[in-house]
Protein chains: 2
Amino acid sequence: MKYASSHACDAWRLLVRFSFAQRAHLPLLAAELQLSPAQCHVLRLIEPGRPIPMGRVAETLACDASNVTGLVDRLESRGLVRRRPSGADRRVKVLALTPTGSRLRALLLDRMTTPPATLGRLSVREQQALVRILTRLLG
Amino acid sequence: MKYASSHACDAWRLLVRFSFAQRAHLPLLAAELQLSPAQCHVLRLIEPGRPIPMGRVAETLACDASNVTGLVDRLESRGLVRRRPSGADRRVKVLALTPTGSRLRALLLDRMTTPPATLGRLSVREQQALVRILTRLLG
DNA sequence: GCCTGATAGTTGATGATGTCAACTATTGAC
DNA sequence: GTCAATAGTTGACATCATCAACTATCAGGC
């Protein structure tokens, strides 16, 4: 994107800056729930009732498959997650939340997605515009 | 913010989702520059010509001070960063970029803030609106 | 059926990240 | 000057993350 408009560059810079600012919150939030940031990422990816193959987790986190093995080992030993064989392919193991894991995940997502006070600086109209724009951007 | 509008919640959810999506890019980008994600964070915080105390880095990254010691040890051994005593307080050590570190940081920031093609989905008007809204949000 | 190559996950080795407690040096207030 | 507080380091330890080697399974061709 060498020829992106300056508006696009500015917008992207702001989004990246937001991501970095946001990054600092996760360790604190994770610690409150006795989790590590990496474990939060894994937990976030396992939606209740939607088991996900381990390889897909590695792919989404852009990390090595053996790293996921260790992360899941710890989550499983804490009773938050279960490995189950995939029906379609016996090489694949899918990850499912236990009831405890499901509750913890809900708590985690709830705290992560609670908007901070600074969002109140925006008018309702601006909030709507932001939702519309981000939806197009991420969709 | 229990009483935040649903628009605010939606907007925040999208921003958080963006942060997570963004998170996966850093390891790849960092690896290209022979850096780890954590080292990128430190490098990003040291602006050229603006030495920063180590404690401030720890505070911004929301991590222990001893962690910064190790990170800076590795950056310094690679000749990217220098520890210097602070004039005002002899307990404090400030971090400054070497010329090599400064160049690498510029390269890093350049790659991080290059907008992806998906920003092209937005009209110029939407890009302007996004910049305006994010500026108010982060300011 | 039987090779063969590719894929999913695990294991072991190794280095990096991150926390904690204990320590040194310095500061600032009394 | 004494004493609590602060900045940074050190050492011990768990976790994160990668790589290479391995097992088991799959999918294709013959």
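Values below: all heavy atoms of this structure, side chains included; hydrogens, waters and symmetry mates excluded. On a predicted model such as this, the values are computed, not experimentally measured, just so you know. So you know, we letter chains A, B, ... as the sequences are listed, proteins then strands, and number each from 1.
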Whole-Å distance separating the [atom1] atom of [X] from the [atom2] atom of [N]:
| X | N | atom1 | atom2 | answer |
| --- | --- | --- | --- | --- |
| A/Leu75 | D/dT15 | CG | P | 11 Å |
| B/Leu35 | D/dT18 | CG | C1' | 16 Å |
| A/Arg74 | C/dT17 | CZ | C1' | 13 Å |
| B/Arg78 | C/dA16 | CZ | P | 10 Å |
| A/Leu71 | D/dC16 | CG | P | 5 Å |
| B/Gln39 | C/dG15 | CD | C1' | 11 Å |
| B/His41 | D/dC16 | NE2 | P | 16 Å |
| B/Gln34 | D/dT18 | CD | P | 15 Å |

If you compare every side-chain N and O of [X] against the phosphate oxygens of [N] (OP1, OP2), does one of them come in below 4.0 Å?
| X | N | answer |
| --- | --- | --- |
| B/Ser36 | C/dT17 | yes |
| B/Arg83 | D/dG8 | no |
| B/Arg90 | D/dG8 | no |
| B/Ser66 | D/dT9 | no |

Among C/dA8, C/dT11, D/dT10, the one nearest A/Thr69 by side-chain distance: C/dT11

Could you check which of D/dT18, D/dG8, C/dC20 has an atom nearest any side-chain atom of A/Asp64? D/dT18

Test your reading of the model: is there a side-chain donor-acceptor pair from [X] to the backbone of [Y], 3.5 Å cut-off?
| X | Y | result |
| --- | --- | --- |
| B/Ser102 | B/Leu97 | no |
| B/Arg82 | B/Ala96 | no |
| B/Glu76 | B/Arg83 | yes |

Would you mind telling me which residue lines up with the more 5' stretch of DNA chain D, A/Ala38 or B/Pro53, judged by nearest nucleotide? B/Pro53

Between A/Asn67 and A/Pro27, which residue's closest nucleotide on DNA chain C lies nearer the 5′ terminus? A/Asn67

When you match A/Ala65 and B/Leu61 each to their closest nucleotide on DNA chain C, which lands nearer the 5' end? A/Ala65

Counting only distance, no hydrogens or angles, is the base of C/dT27 paired donor-acceptor with the side chain of B/Arg91 under 3.5 Å? no

Is there a side-chain contact between A/His41 and A/Leu26 in this structure, where contact means two heavy atoms from C-beta onward sitting under 4.5 Å apart? yes

Answer whether the closest heavy-atom distance between the side chains of A/Glu126 and A/Arg121 falls below 4.5 Å. no

